[in-house]
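A quick note: this is a predicted structure, and the numbers were derived from the prediction, not measured. Order of appearance sets the numbers: ligands from 1, and atoms from 1 within every ligand.
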Amino acid sequence: MNVKEEYQRVYARIDLDAVRSNMEHMKENLSPKTKILGVIKTDGYGHGAIPIAKELEPLEYVYGFATATAEEAFILRRNGVKKPILILGYTFPYSYERLVREEIRICVFREDTLAQLSKTVSDLAEKGVLKKAKVHIKVDTGMSRIGVSADLKGLAFVEKAFETKGLEVEGIFTHFARADEVDKKAAENQLKKFEGFLASIKDKTGREIPVKHCSNSAGIVELPRANMDVVRAGITLYGLWPSNQVRKDIVSLTPVLSLYSHIVYIKEIQGGTPVSYGGTFTAKHKMRIATIPVGYGDGYARGLSNKGWVLVHGKKAPVIGRVCMDQFMIDVTKIPEAVEGDKVTLIGQEGEERITMEELGELSGRFNYEFACGLGKRVPRVYTKGGQILCTKDDTADF
Ligand SMILES: *Cc1c(COP(=O)(O)O)cnc(C)c1O
């Protein structure tokens with residue numbers, strides 16, 4: 001695979017075959033009727049939401065996609081995504097008209113939202129647009145973040161939503177706070193609370209909300225009882241693990257993203273020579289060091305200073321000194337074959353060695369979710385399928 005010369009400085013390869021295989025392996029672990037909502041907030045955890053949505057949308061068991069914001073949802077619609085899109089966070093009223101027009105599902109838990117949506121729907125009807133506002137009710141069972149409580153007060157909210165003109169209550173969901181831990185007690189309690197709440201809705205109103213969901217990635221892997229109508233797959237979609245406590249032998253996952261650069265300079269330094277800002281590394285003896293033209297401006301965390309490592313010719317080369325905004329140095333003393341222009345793997349596999357996002361997340365004091373989301377705009381994404389380049393996403397291409 002040859003990428004454009006412009007991408008020699010740095011590029012992320014996004015393996016769409018891995019996306020699909022992760023999805024298929026998750027599906028195999030679910031009950032047959034359970035569909036998957038692909039969570040592609042923060043531009044698909046930094047991987048690029050659009051190519052991933054396009055890859056997954058044709059799959060029958062993919063219910064649709066979830067984003068965090070209205071803007072992320074609009075981008076998907078603008079790029080032709082037709083399946084349901086659910087916004088997982090609060091959406092501000094300025095976006096309601098467009099959300100209703102584009103049939104993007106809004107998550108509701110505030111009283112004022114119900115009236116505002118109802119008004120949006122009637123205003124649209126006056127303009128000749130006959131659409132209901134499709135909503136999913138968010139229930140808080142243990143995150144204490146957003147969502148109505150799973151009690152009588154919450155029940156009153158659900159009834160109010162049922163009665164609000166112009167609203168279609170399509171779904172209801174909750175979110176696990178601790179499903180990624182070995183001890184599943186907290187998650188089980190949340191599930192019980194949610195199930196109890198669903199039962200009380202049925203008792204009180206005689207109605208059943210069609211799309212019920214609660215599982216995230218950790219739940220998909222380890223809590224089959226929480227399957228319901230839909231599960232929300234985030235981190236596992238990208239072949240990454242929700243935490244190191246989640247069992248890795250149940251669903252087989254392949255990391256989707258690899259990150260590459262090239263050596264731009266090699267030099268020899270004498271013992272006693274400091275390297276990079278602050279001189280936090282000093283050579284103990286004569287060394288051969290290489291400069292990599294990537295830095296925290298690309299999302300290669302400064303926390304990797306003196307801790308991270310890369311692969312050169314399939315061998316480990318440690319990061320020495322501080323990671324700068326746009327460059328960092330590595331020790332290639334033990335890799336004499338390394339020369340300027342050589343490829344460097346920052347994340348990914350080379351031969352027997354592999355550097356994972358989990359590892360870099362941990363080493364840098366972040367975690368894998370954060371490391372992935374932090375990969376910057378300056379890093380072009382190259383999408384591959386069947387070993388061929390399918391498309392690229394390049395935010396610096398407008399020159
Ligand atoms: C982000 C998010 C998810 C996905 O979580 P993962 O751990 O990445 O699977 C699911 N549901 C909600 C409400 C979220 O905010």
Side-chain angles (χ1 to χ4, degrees), residues 19 22-23 25-27 29-30 34-47 49 52-53 56 62-70 72-73 76 84-91 104-109 135-148 150 171-181 184 186-187 190-191 193-194 211-224 226-248 250-251 253 255-257 357-358 361 366-374:
V19 170
N22 293 335
M23 209 63 175
H25 287 123
M26 280 190 271
K27 177 60 190 156
N29 195 47
L30 295 173
T34 304
K35 295 198 169 185
I36 305 180
L37 190 66
V39 180
I40 50 178
K41 57 194 184 192
T42 315
D43 202 18
Y45 293 40
H47 291 62
I52 289 174
L56 297 179
V62 171
Y63 174 78
F65 301 98
T67 68
T69 68
E72 289 177 332
L76 293 176
I85 300 171
L86 170 65
I87 301 171
L88 298 171
Y90 174 73
T91 52
I104 293 163
R105 279 65 166 171
I106 299 155
C107 127
V108 292
F109 46 90
V135 300
H136 287 221
I137 294 169
K138 179 68 188 282
V139 185
D140 174 25
T141 56
M143 273 291 280
S144 304
R145 190 168 63 177
I146 51 171
V148 299
I172 184 162
F173 69 112
T174 194
H175 187 49
F176 290 134
R178 305 176 62 175
D180 59 342
E181 296 176 12
K184 296 285 187 267
Q190 282 193 264
L191 178 59
K193 224 181 200 180
F194 188 52
V211 187
K212 297 168 284 295
H213 44 117
C214 59
S215 262
N216 52 4
S217 293
I220 292 169
V221 177
E222 289 193 313
L223 285 170
N227 279 339
M228 302 197 175
D229 302 296
V230 163
V231 291
R232 303 183 303 272
I235 199 82
T236 40
L237 181 52
Y238 310 98
L240 303 172
W241 294 95
S243 79
N244 56 17
Q245 293 190 27
V246 171
R247 273 179 59 183
K248 297 196 170 64
I250 301 173
V251 174
L253 298 176
V256 167
L257 183 145
M357 195 92 78
E358 280 81 2
R366 299 183 172 190
F367 78 142
N368 55 354
Y369 288 67
E370 194 183 355
F371 207 93
C373 290

Residues in ring pair (Phe, Tyr, Trp, His ring centres under 6.0 Å) contact with Y63, at least two apart in sequence or another chain: none

Flag side-chain contact, heavy atom, 4.5 Å: L223 against L191: no

Ligand 1: protein residues within heavy-atom distance under 4.0 Å: V39, K41, Y45, L88, R145, H175, N216, S217, R232, G234, I235, Y369

Rounded distance (nearest 0.5 Å) linking atom CZ of F194 with atom CE of M228: 5.5 Å

Shortest non-hydrogen separation from A226 to C214 and the atoms involved: O-SG, 3.5 Å

Member of I36, N216, V39 meeting the side chain to side chain contact (heavy atoms under 4.5 Å, CB included) criterion with V231: I36

Intermediate values then yes/no, side-chain contact (heavy atoms from CB on, under 4.5 Å), Q190 and R178: CA-CA 9 Å; Q190 282 193 264; R178 305 176 62 175; 5.6 Å; no

